[in-house]
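Along the sequence shown, the residues carry numbers beginning at 1. The structure displayed is predicted, hence computed values, not measured ones.
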Amino acid sequence: MQRPGAPAPASAERTPRPREWRPQLYRKCTDTTWLFLFFLFWTGLMFITGYSVAAGATARLLFGYDSFGNVCGKKNSPVEGAPLSGQDMTLKKHVFFMNACNLEVKDVRLSSTILCVSSCPEEQLDTLEEVQLFADNNGSFLCVYSLDSINYTQNPNADSLCPSLPVPPSKSFPLFNRCVPRTPECYSSFASVLINDVDILHRILSGIMSGRDTILGLCILALALSLGMMFTFRFITTLLVQIFIALIISGLLLVCGVLWWLYYDYTHDLSIELDTERENMKCLLGFAIVSTVITAVVLSLIFVFRKRIKLTTELFQVINKAISSSPFLLFQPLWTFAILIFFWVLWVAVLLSLGTAGAAQVIEGGQVEYQPLVGIRYMWWYHLIGLIWTSEFILTCQQMTIAGALVTCYFNRNKNDPPDRPILWSLSILFCYHQGTAIKGSFLMTVTRIPRTILMYLHNTLKDKHGAWSRCMFRCCFCCFWCLDKCLRQLTQNAYTATAINGTDFCTSAQDVLKLSSKNSNHFTSVNCFGDFIIFLGKVLVVCFTVFGGLMAFNYNRALQVWAIPLLLVAFFAYLVAHCFLSVFETVLDALLLCFAVDMETNDGSSEKPYFMDQEFLSFVKRIDKLNAARAQGEESSLRNEEGTELQAVV
């Protein structure tokens with residue numbers, strides 16, 4: 001025994017005293033080093049933006065250009081060594097291929113000479129006399145610029161300077177105003193080379209541009225469905241929950257059935273000739289398989305959680321009561337969405353400029369081709385990291401703003417007198433003290449996303465060169481990174497809330513959250529998983545009906561349109577919009593549970609230390625605990641019955 005007055009043992013002196021939770025009592029700037037690093041990173045992005053503006057030529061990608069370096073529809077500057085460059089093409093907005101029926105790709109270049117013309121020939125031209133007459137009547141010259149229309153029939157070299165005869169009738173294609181042949185033979189050859197063998201970026205853009213009106217309409221539909229789901233969760237009732245689940249089941253089955261029906265229709269369509277249509281058929285098979293798996297998983301989860309439907313109404317009533325103290329939280333995603341759209345448009349514009357940044361090089365025959373500048377590919381990767389990191393930072397700011405507003409309202413003793421303007425107060429705290437924490441957390445999410453992006457790039461690049469084992473390894477690694485992303489996202493969300501409560505840095509907040517979660521795992525696991533599942537179903541509903549509308553719309557134009565990529569883009573946009581709006585409820589639920597755990601940790605419900613929570617929330621959590629205890633007791637009793645069963649002798 002230790003004598004009275006004796007000094008404490010050294011081990012006791014070294015034992016650190018556990019840090020206490022002090023809601024909203026102390027603030028300091030956190031993770032300032034990361035704020036400086038983010039500033040340096042964005043300095044690099046600004047350099048890339050300036051470089052792309054100076055060296056890029058987006059007009060070449062958007063409007064198309066001829067074989068001599070002239071951008072169609074624009075006034076051009078001359079290229080040294082190319083006598084036919086630097087022409088005024090303001091009135092010549094269409095791209096014409098002189099050998100449209102026999103296009104070939106040699107060293108990533110089209111073998112045909114390309115010209116800028118004022119209009120595409122709508123009727124077949126069989127002789128040079130007809131080509132000359134078309135030029136005189138329409139002012140559209142289909143031979144090389146150096147040859148006058150008067151000499152079309154007199155120049156001995158007219159066969160090499162004019163288009164191959166017969167010139168097929170053509171019409172202008174929406175992307176780049178290409179003159180696309182309308183005869184079946186030339187059309188098939190032209191589309192197979194131009195769309196399937198040229199740059200993948202052009203193929204994706206061709207599908208997007210040709211179906212741009214449909215894509216815009218589907219994006220508006222996704223936005224309207226997301227707003228509808230948000231207000232459904234805001235004023236939810238038991239009847240609405242049942243209707244909601246019925247719509248989800250019908251939507252999943254409908255999309256799955258339509259995908260398999262379309263795939264069956266494609267496989268039995270004898271008129272399919274283009275590679276684009278075959279690619280659509282392959283993508284339909286992939287979509288059908290994925291949708292079938294998702295449908296089976298979601299329906300199984302709905303069956304498992306079917307007995308907790310009544311708790312859904314109570315759960316969202318608790319969440320909505322927390323939101324009612326600051327109702328403008330529901331409009332927070334609108335600002336986030338607007339900022340994200342602005343940033344993405346800017347990012348795409350810089351990407352297009354980088355993609356066209358090249359030096360003009362004169363080749364044989366006075367033609368011009370553009371060679372990519374040194375270091376462009378490294379800039380692409382840097383630009384991609386900037387997209388992921390900045391997007392995550394914007395979403396993190398929304399999460400910290402919502403969490404901070406909820407913390408301000410929760411840790412308020414006088415519930416009848418809520419704090420004034422909690423959202424503005426939360427924003428001021430974020431930008432004055434915790435920007436570094438938001439940057440550090442968003443960087444952590446970026447680090448988990450970059451390997452997934454690299455794996456997807458390698459898988460698509462090497463998909464024809466590796467076997468079944470390597471494909472399996474790629475998918476396993478991708479799934480592992482996906483699981484890591486989900487776990488870290490939940491941890492970072494709780495860490496942001498802990499920062500809003502205690503004013504600590506990211507690592508300290510994450511450590512505190514892990515300790516607190518281990519003590520209150522029964523509250524966190526059951527309530528949080530169930531609430532997140534219901535919110536996830538809302539996102540699934542938005543995606544299902546948006547994809548169904550896209551399937552019906554895109555199926556009417558199968559020919560010159562890679563609509564599998566636009567459909568995937570629409571599905572991604574629908575999920576992103578739904579996540580952006582419905583994540584308010586996820587963030588509020590996570591923050592509410594963490595505030596509850598902190599409240600239980602620092603208070604005991606006595607008159608000296610009363611709880612901050614209201615009785616409705618406390619009774620709901622206790623009801624969940626009773627259900628979990630009853631379920632655990634039932635499982636334990638059934639286990640004991642199984643262990644106590646003995647074989648009896650048969651008399």
Side-chain angles (χ1 to χ4, degrees), residues 18-25 233 308 311-326 329 399-416 418-419 422 426 489-504 508-535 583-629:
R19 199 176 53 78
E20 297 179 354
W21 288 87
R22 300 169 296 176
Q24 298 186 298
L25 295 180
F233 284 155
R308 294 198 172 195
L311 293 175
T312 306
T313 305
E314 297 182 37
L315 175 63
F316 278 94
Q317 284 175 353
V318 171
I319 295 175
N320 289 325
K321 187 172 183 180
I323 293 177
S324 61
S325 59
S326 182
L329 284 177
Q399 294 173 355
M400 292 196 72
T401 302
I402 295 173
L406 185 68
V407 166
T408 303
C409 296
Y410 185 94
F411 293 104
N412 175 39
R413 289 292 183 189
N414 189 359
K415 300 298 182 182
N416 297 323
S426 179
R489 192 168 294 278
Q490 184 65 38
L491 176 63
T492 53
Q493 172 58 51
N494 289 329
Y496 299 147
T497 307
T499 298
I501 295 173
N502 248 16
T504 51
T508 304
S509 299
Q511 184 180 1
D512 292 342
V513 164
L514 289 175
K515 292 179 180 178
L516 196 62
S517 301
S518 61
K519 294 180 182 179
N520 300 271
S521 59
N522 56 337
H523 302 306
F524 279 85
T525 304
S526 58
V527 180
N528 199 8
C529 290
F530 181 62
D532 288 343
F533 175 68
I534 295 298
I535 296 171
S583 63
V584 174
F585 296 94
E586 285 182 333
T587 307
V588 169
L589 176 60
D590 294 338
L592 200 59
L593 291 175
L594 187 60
C595 289
F596 165 77
V598 172
D599 199 4
M600 296 288 289
E601 183 79 9
T602 56
N603 302 300
D604 54 11
S606 62
S607 57
E608 291 81 10
K609 290 185 176 181
Y611 291 128
F612 283 96
M613 74 187 81
D614 54 16
Q615 290 300 318
E616 183 180 355
F617 185 34
L618 182 60
S619 61
F620 172 74
V621 176
K622 287 182 177 179
R623 195 176 302 112
I624 293 292
D625 291 342
K626 288 181 180 179
L627 288 174
N628 292 335

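Between S509 and N502 there is no side-chain heavy-atom pair separated by less than 4.5 Å. Side-chain atoms of D590 and Q399, non-hydrogen and from C-beta on, never get closer than 4.5 Å to each other. Side-chain contact between F612 and F596: absent, with no pair of heavy atoms (C-beta onward) separated by less than 4.5 Å. Using a 4.5 Å heavy-atom threshold, the side chains of I501 and F411 count as touching. Annotation: side chain of T602 is not in contact with side chain of K609 (no heavy-atom distance under 4.5 Å). For the pair V598 and L516, the minimum side-chain heavy-atom distance is below 4.5 Å.
Without hydrogens or angle criteria, S326 side chain to I323 main chain gives no donor-acceptor distance under 3.5 Å. Looking only at distances, a side-chain donor or acceptor of T587 sits under 3.5 Å from a matching main-chain atom of S583. A distance-only check finds no donor-acceptor pair linking the side chain of T504 to the backbone of T499 [under 3.5 Å].
In terms of heavy-atom proximity, V588 sits nearest to A322 at CG1-CB, 4.3 Å. Taking all atoms of both residues into account, the shortest heavy-atom contact from A498 to L594 is N-CD2, 3.8 Å. Summarising the geometry of T497 relative to A403, their closest heavy-atom pair is OG1-CB, 3.7 Å, with the distance given to 0.1 Å.
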Checking L491 against L514 for the side chain to side chain contact (heavy atoms under 4.5 Å, CB included) test, could you report, in this order, the C-alpha distance in whole Å, the side-chain angles of both residues, the deciding distance, and whether it holds? CA-CA 8 Å; L491 176 63; L514 289 175; 3.8 Å; yes

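Residues passing the ring-ring contact (aromatic ring centres under 6.0 Å, His included) test with F233, sequence neighbours excluded: F244, F316, F585.
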